[in-house]
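Encoded as structure tokens, the structure appears first; notes follow it.
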Amino acid sequence: MDAMTTATAHLPASTPEPAPVWARRAAHAIALCALPSGLWRVAMASGVHVGYSDQVLRDVFDIPGWGIAYVVGLFVLAEAAALSPLLLVSDRWRPLRPRTLATLAWAASALLILVALWQLVVAFTVESQTSMSSDTALTVWWIAFAPLFAIPALMTAVTWSYAQRHRP
């Protein structure tokens, strides 16, 4: 008869220390950084003049038409992705093992840096600027999309904090 004693019982793994306040704030800031561009997209899909001519909306974005579903779907997908760093600072819900989640988070950070660099290249090309109907519209576009460039740095900081708290 095997008796389970304190020495042989499986003890629960030590719980990691909670995320620092700055990491929690950074994770929440990521979601807030994605919001202005998302609202701009929803405004475009709902017919608010955001600076594109009707011809550009029809020819490039297929609005009205399937482009509305695409733009709203992009908004939903972007917000869901922007909320995912909250998993790295949550003490309650852990969908994956810490090492797996840390690996995915580092990969996401690297991908976000590459996407941000690519978006800078696209934003400064002549083609991107000629679709806007006025300088005011282009300024509003920059104000709506500029916060997205903070996301890679914030995500890297949150990921670093998570990795430090869950290292073996």
Side-chain angles (χ1 to χ4, degrees), residues 19 22-90 92-97 100-163:
W22 67 264
R24 289 180 185 278
R25 288 183 181 157
H28 284 85
I30 291 170
L32 292 176
C33 285
L35 196 57
S37 61
L39 294 175
W40 185 90
R41 286 183 183 111
V42 169
M44 183 174 79
S46 62
V48 174
H49 179 69
V50 293
Y52 291 120
S53 68
D54 289 339
Q55 181 181 357
V56 169
L57 287 174
R58 275 191 312 276
D59 296 345
V60 176
F61 297 104
D62 196 24
I63 294 176
W66 283 103
I68 293 171
Y70 168 75
V71 170
V72 172
L74 186 60
F75 164 68
V76 170
L77 184 65
E79 283 303 317
L83 290 171
S84 65
L86 294 174
L87 292 173
L88 300 176
V89 296
S90 173
R92 296 184 196 133
W93 191 59
R94 292 197 178 94
L96 300 171
R97 292 182 308 199
T100 304
L101 190 55
T103 302
L104 288 174
W106 280 120
S109 293
L111 182 64
L112 285 169
I113 291 168
L114 291 174
V115 168
L117 291 173
W118 174 250
Q119 288 302 313
L120 281 173
V121 169
V122 170
F124 285 111
T125 62
V126 175
E127 184 178 341
S128 297
Q129 295 179 3
T130 57
S131 297
M132 288 287 178
S133 60
S134 70
D135 288 339
T136 304
L138 187 59
T139 302
V140 170
W141 183 88
W142 271 106
I143 290 170
F145 282 83
L148 292 178
F149 292 110
I151 291 177
L154 291 168
M155 181 66 181
T156 301
V158 171
T159 301
W160 178 82
S161 171
Y162 182 84

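Side chains are part of it too, since the values below use all heavy atoms of this structure and drop only hydrogens, waters and symmetry mates.
- Listed here is the closest heavy atom pair of Ala163 and Trp106: CB-NE1, 3.8 Å.
- Annotation for Arg24 and His28: closest pair O-ND1, 2.7 Å, computed over non-hydrogen atoms.
- Smallest separation of non-hydrogen atoms from Ala23 and Val158: O-CG2, 3.6 Å.
- With a 6.0 Å radius and a threshold of 12 heavy atoms from other residues, nucleotides or ligands, Phe145 has its CZ atom above the threshold.
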Next on the checklist: Between Val60 and Tyr52, does the side chain to side chain contact (heavy atoms under 4.5 Å, CB included) criterion hold? Intermediate values first, please.
Outcome noted: CA-CA 10 Å; Val60 176; Tyr52 291 120; over 6 Å; no

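- A side-chain donor-acceptor contact under 3.5 Å links Thr156 to the backbone of Pro152.
- From Ile68, atom CD1 reaches atom CH2 of Trp66 across 10.5 Å, with rounding to the nearest 0.5 Å.
- Taking every heavy atom of both residues into account, Leu148 and Cys33 meet most closely at CD2-O, 3.8 Å.
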Checklist entry - Would Arg58 and Ile63 satisfy side chain to side chain contact (heavy atoms under 4.5 Å, CB included), going step by step from the backbone distance to the final call? => result CA-CA 5 Å; Arg58 275 191 312 276; Ile63 294 176; over 6 Å; no

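- We find the CZ-CG distance between Phe149 and Leu154 to be 13.5 Å, quoted to the nearest 0.5 Å.
- To the nearest 0.5 angstrom, Leu104 atom CG is 12.0 Å from Leu111 atom CG.
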Checklist entry - Can you list the steps and then say if Ile113 with Met155 is a side chain to side chain contact (heavy atoms under 4.5 Å, CB included)? => result CA-CA 10 Å; Ile113 291 168; Met155 181 66 181; over 6 Å; no

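- In this structure, Asp59 CG and Ser53 OG are separated by 8.0 Å, a value rounded to the nearest 0.5 Å.
- Ring-plane geometry between Trp141 and Trp40 is classed as perpendicular, the angle between the planes exceeding 60 degrees on a 0 to 90 degree scale with a lower cut at 30.
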Checklist entry - Do Val140 and Val50 pass the side chain to side chain contact (heavy atoms under 4.5 Å, CB included) test, and can you show the C-alpha distance, the side-chain angles, and the key distance before you say yes or no? => result CA-CA 8 Å; Val140 170; Val50 293; over 6 Å; no

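- Test Val72, Val76, Leu74 against Arg41 for side-chain contact (heavy atoms from CB on, under 4.5 Å) and you get one pass: Leu74.
- Atom CZ of residue Arg25 and atom CD1 of residue Ile30 lie 15.0 Å apart, to the nearest 0.5 angstrom.
- Scanning all heavy atoms of the two residues, the minimum distance from Ala105 to Leu88 falls at CB-CD1, 3.8 Å.
- Atoms CG and CG, on Leu35 and Leu39 in that order, are 4.5 Å from each other to the nearest 0.5 Å.
- Taking the side chain as every heavy atom from C-beta outward, Val89 and Tyr162 never approach each other to under 4.5 Å.
- At distances below 3.5 Å, not a single donor-acceptor pair connects side-chain atoms of Ser161 with backbone N or O atoms of Ala157.
- The two atoms that bring Ala34 and Ile151 nearest to each other are N-CD1, 4.3 Å, heavy atoms only.
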